[in-house]
Amino acid sequence: MGRKKGVFFSDEGAPDDFDPDNPYKDPVAMLEMREHLVREKWIDIEKAKILREKVKWCYRVEGVNHLQKCRHLVQQYLDATRGVGWGKDHRPHSLHGPKVEAEAE
């Protein structure tokens with residue numbers, strides 16, 4: 001038994017029968033939707049990693065001129081990393097934890 005040659009890409013999109021107003025109506029559609037969201041999140045993360053490697057390469061190659069020569073790659077990387085990750089990106093600000101205020105002495 002060997003590995004399959006080539007790369008498998010799932011062309012499946014979000015499930016058609018998923019109802020966002022009542023997600024628990026169809027548990028199978030809910031799980032498919034969750035898998036779809038996780039898959040899309042991983043794709044975004046991997047794209048950001050590729051862009052990060054391109055920025056590193058550009059910095060090494062361009063040397064002191066990296067600020068001008070690599071600006072477009074840095075902008076693409078920053079745009080790709082906005083909202084990407086497994087953290088608290090889609091939660092309301094009130095749920096991000098208590099606000100810590102610095103003590104004035």
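- Heavy-atom contacts from other residues, nucleotides or ligands closer than 6.0 Å to CG of Asp16 number 12 or fewer.
- Residues Tyr59 and Val74 have side chains in contact (heavy-atom distance under 4.5 Å, counting atoms from C-beta outward).
- Nearest approach of Cys70 to Glu62, heavy atoms of both residues: SG-CG, 3.9 Å.
- The side chain to side chain contact (heavy atoms under 4.5 Å, CB included) test with Phe18 is passed by exactly one of Arg34, Glu32, Met33, Lys25: Met33.
- In this structure, the separation between NZ on Lys41 and CG on Asp44 is 7.0 Å, given to the nearest 0.5 Å.
- Between atom CG of residue Leu73 and atom CG of residue Leu78 there is a gap of 11.0 Å, rounded to the nearest 0.5 Å.
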May I have the step-by-step check of side chain to side chain contact (heavy atoms under 4.5 Å, CB included) for His72 and Gln75, ending in yes or no?
-> CA-CA 5 Å; His72 67 284; Gln75 189 60 44; 5.8 Å; no
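- Under the 4.5 Å side-chain heavy-atom criterion for Ile, Leu, Val, Met, Phe, Trp and Tyr, Met30 and Leu37 are members of the same hydrophobic cluster.
- Here the closest non-hydrogen pair linking Gln76 and Leu51 is OE1-CD2, 3.6 Å.
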